Amino acid sequence: MAAAFFSLAALCLAEALRPPSSPLQAAPQAAPQALSGEVERGSFVAGVLSAGIASSAAASVAEPSASGISRSVDKEVARKILQIERLNVDSNSNGDKAKHLPQVRVAGDKVECFVPHVMDPVKPHFIEYIWLKDDDTDFIFAAKKFEPTDPSPPTIVAKAKPGASVTPYAYCNLHGLWIGDTEQT
């Protein structure tokens with residue numbers, strides 16, 4: 001009886017330490033019968049853990065979706081904006097509101113967004129991204145990345161569909177995410 005127990009323990013340990021044959025094993029393989037019942041194999045547990053790690057790593061990378069961001073927005077800019085939106089839950093709370101809050105001017109279908117912020121390459125302290133989102137559809141239709149040497153105030157101009165609810169967003173390299181007031185076109 002003791003020999004069967006040690007053989008089973010050795011088998012389970014060997015299986016637990018063996019790397020899975022594939023990172024995504026869908027079902028446990030048949031385990032040998034031992035004493036009073038079946039024992040799960042370590043490779044299945046390792047496979048499940050590997051699958052969980054692989055899927056969470058893949059999910060942590062924000063990928064622009066065709067339905068959520070305009071094709072005219074650079075993919076790297078879109079990826080960074082999605083990460084900013086996901087990670088910055090505390091918007092409009094760090095820094096001077098008068099210098100960071102993005103503002104919108106609407107003239108027909110033309111939307112101009114600017115942030116009354118000085119672009120300072122010496123510190124550096126600057127607005128890194130500005131984007132415009134249609135709140136009705138959650139669609140980012142314009143976005144731009146800025147450098148500290150760009151002229152002040154950072155500004156973007158875009159066309160919006162008539163009747164859209166447009167919200168401006170800005171990201172300061174020191175003071176985080178700022179969300180302006182929604183305007184109708």
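The structure presented is a predicted model; accordingly, all values stated were derived computationally and were not measured.
Under the 3.5 Å distance criterion, the side-chain polar atoms of N88 are left unmatched by any main-chain donor or acceptor of E85.
To the nearest 0.5 Å, atom CG of residue D138 and atom CD1 of residue I140 are 7.5 Å apart. Note that SG of C113 is 10.5 Å distant from CD of E183, once rounded to the nearest 0.5 Å. The CG atom of N92 sits 7.0 Å away from the CG atom of L177 when rounded to the nearest 0.5 Å. Between the CD1 atom of I69 and the CZ atom of R79 there is a distance of 9.5 Å, given to the nearest 0.5 Å. Of the inter-residue distances, the one linking I156 atom CD1 with F114 atom CZ reads 12.5 Å to the nearest 0.5 angstrom. Taking NZ of K145 as the start and CH2 of W131 as the end, the distance is 12.0 Å to the nearest 0.5 Å.
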Could you go through the side chain to side chain contact (heavy atoms under 4.5 Å, CB included) check for F146 and E128 one step at a time? CA-CA 5 Å; F146 295 90; E128 198 170 351; 6.0 Å; no

Should N173 and H125 be marked as a side chain to side chain contact (heavy atoms under 4.5 Å, CB included) after you check the CA-CA gap, both sets of side-chain angles, and the distance that decides it? CA-CA 6 Å; N173 72 317; H125 182 198; 3.8 Å; yes

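Closest approach of A164 and D134 over heavy atoms only: CB-OD2, 3.6 Å. Nearest approach of Y129 to K80, heavy atoms of both residues: OH-CG, 3.1 Å. Contact record, S165 with T182: CB-CG2, 3.8 Å, taken as the closest heavy-atom pair. Considering every non-hydrogen atom in both F141 and S72, the closest pair reads O-OG, 4.2 Å. In terms of heavy-atom proximity, C172 sits nearest to I127 at CB-CD1, 4.0 Å. Scanning all heavy atoms of the two residues, the minimum distance from P168 to V104 falls at CG-CG2, 3.2 Å.
Residue L101 is not grouped with residue I130 when hydrophobic side chains (ILVMFWY) are merged at heavy-atom distances under 4.5 angstrom, including chains of intermediate members. Note: the hydrophobic cluster containing V106 also contains F139 (ILVMFWY, side chain heavy atoms under 4.5 Å, direct or indirect links).
In D109, the CG atom is crowded: over 12 heavy atoms of neighbouring residues, nucleotides or ligands sit closer than 6.0 Å. Within a 6.0 Å sphere centred on NZ of K99, other residues, nucleotides and ligands contribute 12 heavy atoms or fewer.
Here the side chains of M119 and T149 are not in contact, with every heavy-atom distance at 4.5 Å or above. Contact check for S152 versus V118: side-chain heavy atoms found under the 4.5 Å cut-off. For the pair P116/Q103, a side-chain contact is recorded, criterion being any heavy-atom separation below 4.5 Å from C-beta on.
A cation-pi arrangement is found for K133 relative to Y169, the charged atom lying closer than 6.0 Å to the ring centre and inside a 45° cone about the ring normal.
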